[in-house]
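Handing you this structure, nothing more for now.
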Amino acid sequence: MSARSDARASRRHRRPVARHGVLTSPNPFVQVLTVLGVMVLVVAISAGAVGAFAVWDASRSVVDNSVALEGDDVGQLPPTIGEIEGGVNMLIVGTDSCEGQDLALFPRCGIDDDGLERNDVTMLVHISDEPRRVTVVSFPRDMVVPIPSCPDGEGGRHSAMSAQMINVSYGYGGLPCTVLTVEELTGIDIQFAASIRWTGVINMSDAIGGVDVCVSEDISDRHTGLSLTAGTHTLQGAEALQFLRIRHGIGDGSDLARISNQQQFMSSMVRKLQSDAVLANPQALFNIATTALQQVNSKQLQLSESLASPTRMVQIAMAVKDVPFSDINFLQYPTYYAPDGLRVMPNTDSAATLFDALANNQPIQLTGDASQGYGVEVVGEAEQPAAPTPTEADAAPEGEQPAPDPAATDATPPATEYVELPSDIAGSSAAQVTCTVAER
């Protein structure tokens with residue numbers, strides 16, 4: 001076994017989060033959609049010879065541009081498509097690379113580009129085993145953490161570092177190094193990963209057709225160039241990216257405020273994806289899928305080898321497609337400010353409560369504010385879309401009665417025991433509608 005395999009085995013012994021049985025899959029919020037877009041493409045064009053070729057060609061493109069995570073064994077896929085077995089851990093990264101960016105939108109790339117690429121947005125997506133729940137944990141870019149020894153891409157290794165901001169891990173060793181860093185911090189075995197650059201975010205938000213966001217008061221930020229009046233706005237393209245990057249002018253002006261702003265965007269996007277506006281619109285789905293493939297080909301989107309399989313993507317999508325809003329939570333990794341007040345430090349004790357709950361497949365209950373940086377406030381509750389109405393094709397033939405559901409009994413199901421998270425773990429669920437707050 002490799003050194004990393006030994007380390008992983010040790011971590012799994014401590015906290016076996018999201019193991020998945022016999023299986024060995026903007027900016028992040030949009031990255032999740034990007035991955036789903038490729039899944040949709042497989043479903044949309046999988047009929048007939050032309051469709052079969054298109055699926056094969058798309059798969060080849062995704063695989064050719066994928067990256068191996070250290071110590072991973074992709075394993076053999078099952079012969080049929082169904083929900084992925086067990087839980088899933090996937091890391092989603094948004095980077096600040098100037099490569100392939102529009103200088104008109106990002107003028108600093110033509111002035112002081114240092115050639116480095118940082119993971120300015122880092123999110124761990126955890127999908128639980130049955131019953132399915134989704135927990136998305138955002139890691140502040142300024143959080144100081146240890147960075148383990150990472151492969152340098154040329155057969156060697158970079159030395160470990162004891163205290164660096166988490167956002168340097170990508171420039172240090174690419175997506176595999178950021179995965180190793182988060183695994184070291186959380187004790188979680190991450191099976192899948194993806195990263196996306198600025199232009200990829202812009203193009204994917206265009207393909208979605210925009211996401212509704214709410215601001216409680218007028219906001220303005222000269223750093224991103226975004227100004228919005230109080231109320232609801234449908235953002236896409238460059239404006240959506242500005243909203244995801246804004247921190248000056250909202251909350252306390254920190255990266256913590258920006259994270260909650262991003263989570264508002266993600267919650268709204270989840271609600272839109274589950275609505276008829278997207279899922280019942282084949283043209284919209286196909287547009288999302290083809291745009292996602294374009295981002296792979298133009299190096300704006302990169303997937304891990306473990307995720308670069310249409311079958312695997314469909315398995316993951318099927319595992320989350322019916323999760324209710326109340327069981328989709330967006331959290332901030334708990335932190336406290338360093339003595340200099342410029343950086344934040346991880347509160348590993350509070351974090352352990354969260355990751356232990358995920359390891360034990362226990363539902364979580366938020367007790368803290370919606371934002372560590374006062375970036376948003378909860379203003380209402382979202383309505384869950386109604387379940388599809390059964391069609392005539394679903395009905396049993398005349399004279400026949402449907403087979404009884406063995407799980408259906410008259411007994412009252414046992415009450416679910418929730419784990420109350422410490423109050424310094426901020427966040428909200430997709431069932432909560434939040435609005436961005438202007439800087440105080």
Side-chain angles (χ1 to χ4, degrees), residues 26-35 90-96 118-126 134-143 166-167 178 182 194-198 200-202 204-205 208 210-216 219 221 223-224 226 228 233-273 328-335 344 366 368-378 425-430 432-439:
N27 235 304
F29 13 79
V30 182
Q31 288 168 352
V32 173
L33 179 63
T34 302
V35 175
M90 176 165 48
L91 194 72
I92 306 294
V93 171
T95 73
D96 66 353
R118 304 168 187 83
N119 48 303
D120 272 355
V121 180
T122 305
M123 298 193 314
L124 177 65
V125 180
H126 171 79
V134 179
T135 304
V136 183
V137 183
S138 293
F139 300 84
R141 66 184 295 278
D142 298 334
M143 184 168 64
I166 196 172
N167 78 327
T178 303
V182 175
S195 64
I196 195 169
R197 293 169 170 167
W198 287 331
V201 175
I202 290 173
M204 285 308 303
S205 62
I208 298 169
V211 172
D212 292 339
V213 300
C214 167
V215 292
S216 296
I219 61 173
D221 175 26
H223 297 273
T224 61
L226 180 67
L228 295 174
H233 302 263
T234 302
L235 304 183
Q236 62 186 88
E239 208 172 31
L241 179 64
Q242 289 173 324
F243 184 80
L244 295 168
R245 295 180 64 212
I246 191 173
R247 76 174 191 180
H248 301 284
I250 65 172
D252 63 3
S254 70
D255 184 55
L256 303 181
R258 172 163 54 188
I259 285 176
S260 55
N261 205 49
Q262 293 166 351
Q263 291 175 339
Q264 184 209 154
F265 187 97
M266 287 187 289
S267 286
S268 181
M269 186 184 70
V270 164
R271 294 191 291 268
K272 180 169 185 176
L273 286 175
I328 303 175
N329 286 294
F330 299 95
L331 313 178
Q332 299 179 47
Y333 188 98
T335 60
V344 293
L366 292 166
D369 295 330
S371 170
Q372 284 186 315
Y374 314 106
V376 299
E377 60 183 1
V378 177
I425 298 182
S428 59
S429 74
Q432 295 173 296
V433 178
T434 59
C435 282
T436 298
V437 177
E439 187 169 8

Next item on the list: Give, for atom CD1 of Ile202 and atom CD1 of Ile196, the distance between the pair rounded to the nearest 0.5 Å.
Entry: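 CD1 of Ile196 is found 10.0 Å from CD1 of Ile202.
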Checklist line | Contacts of type side-chain contact (heavy atoms from CB on, under 4.5 Å), residue Glu239, not counting sequence neighbours | finding: Leu226, Leu228, Leu235, Gln242
Check: Where do Ser216 and Cys435 come nearest, in terms of heavy atoms and distance?
Finding: OG-CB, 3.2 Å
Notebook entry, point to check: At their closest point, which heavy atom of Val137 faces which heavy atom of Tyr333, and how far apart are they?
Noted result: CG1-N, 4.0 Å
Note to self: Just to verify, what does Asp221 make a side-chain contact (heavy atoms from CB on, under 4.5 Å) with, not counting sequence neighbours?
What the structure shows: His223, Thr224, Ile246, His248
Margin query: If I compare all heavy atoms of Ser267 with all of Ala430, which pair ends up nearest, and what's the gap?
Written below: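 Heavy atoms of Ser267 and Ala430 come nearest at OG-CA, 3.8 Å.
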Next item on the list: Quick one: closest heavy-atom pair of Val376 and Ala370, and the distance?
Entry: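 Closest approach of Val376 to Ala370, heavy atoms only: CG2-CB, 3.8 Å.
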Item checked: Close side-chain approach of Leu256 to Pro140, heavy-atom, < 4.5 Å ->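 They are in contact (side-chain heavy atoms under 4.5 Å apart), so the answer is yes.
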Next item on the list: Please report the shortest heavy-atom distance between Gln372 and Gln332, naming the atom on each side.
Entry: N-NE2, 3.2 Å
Item checked: Pairwise distance CD1(Ile208) to NZ(Lys272) - rounded to 0.5 angstrom ->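 That separation rounds to 7.5 Å.
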Item checked: Residues which pass ring-ring contact (aromatic ring centres under 6.0 Å, His included) with Phe330, listed by chain and number, not counting sequence neighbours -> none
Notebook entry, point to check: Please walk me through it: do Gln262 and Ser138 pass side-chain hydrogen bond (donor to acceptor under 3.5 Å, both in side chains)?
Noted result: CA-CA 10 Å; Gln262 293 166 351; Ser138 293; 5.3 Å; no
Next item on the list: Quick one: list whatever passes side-chain hydrogen bond (donor to acceptor under 3.5 Å, both in side chains) with Ser260, sequence neighbours left out.
Entry: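 Partners of Ser260 by the side-chain hydrogen bond (donor to acceptor under 3.5 Å, both in side chains) criterion, ordered by chain and then number, come out as Ser371.
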Margin query: Is it the case that the side chains of Thr436 and Gln264 hold a donor-acceptor pair, with the cut-off being a distance below 3.5 Å and no angle test?
Written below: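 Side-chain D/A pair, Gln264 to Thr436: present.
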Next item on the list: Would you mind reporting whether Asn167 and Thr122 have side-chain heavy atoms less than 4.5 Å apart?
Entry: no
Checklist line | ring-ring contact (aromatic ring centres under 6.0 Å, His included) partners for Phe243, two or more places apart | finding: none
Next item on the list: State which residues pass salt bridge (charged side-chain N to carboxylate O under 4.0 Å, His left out) with Asp142; sequence neighbours excluded, sorted by chain then number.
Entry: Arg247
Next item on the list: Looking only at non-hydrogen atoms, find the nearest pair between Gly249 and Ile219 and report the distance.
Entry: O-CG2, 3.9 Å
Notebook entry, point to check: Can you tell me how far the OG1 atom of Thr95 sits from the CG atom of Asp120, to the nearest 0.5 Å?
Noted result: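 Thr95 OG1 to Asp120 CG: 8.0 Å, rounded to 0.5 Å.
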Notebook entry, point to check: Excluding sequence neighbours, so at least two apart, what forms side-chain contact (heavy atoms from CB on, under 4.5 Å) with Ser429?
Noted result: Asn329, Ala431, Gln432
Next item on the list: List for me each residue that meets side-chain contact (heavy atoms from CB on, under 4.5 Å) alongside Val433, sequence neighbours excluded, and say none if there are none.
Entry: Arg271, Val379, Ala382
Notebook entry, point to check: What pairs of residues pass the salt bridge (charged side-chain N to carboxylate O under 4.0 Å, His left out) test when at least one of them lies in residues 253-263, not counting sequence neighbours?
Noted result: Asp255-Arg258
Notebook entry, point to check: Can you tell me how far CD1 of Ile259 sits from OG of Ser254, rounded to the nearest 0.5 angstrom?
Noted result: 8.0 Å
Margin query: Please enumerate all residues that pass side-chain hydrogen bond (donor to acceptor under 3.5 Å, both in side chains) together with Asp369, with sequence neighbours excluded.
Written below: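 By the side-chain hydrogen bond (donor to acceptor under 3.5 Å, both in side chains) rule, Asp369 matches no residue at all.
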Item checked: Distance (rounded to the nearest 0.5 Å) between Ile166 CD1 and Arg141 CZ ->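 One finds 11.5 Å between CD1 of Ile166 and CZ of Arg141.
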Note to self: Could you check whether any side-chain N or O of Asp252 sits under 3.5 Å from a backbone N or O of Tyr374, counting only pairs where one atom can act as donor and the other as acceptor?
What the structure shows: no
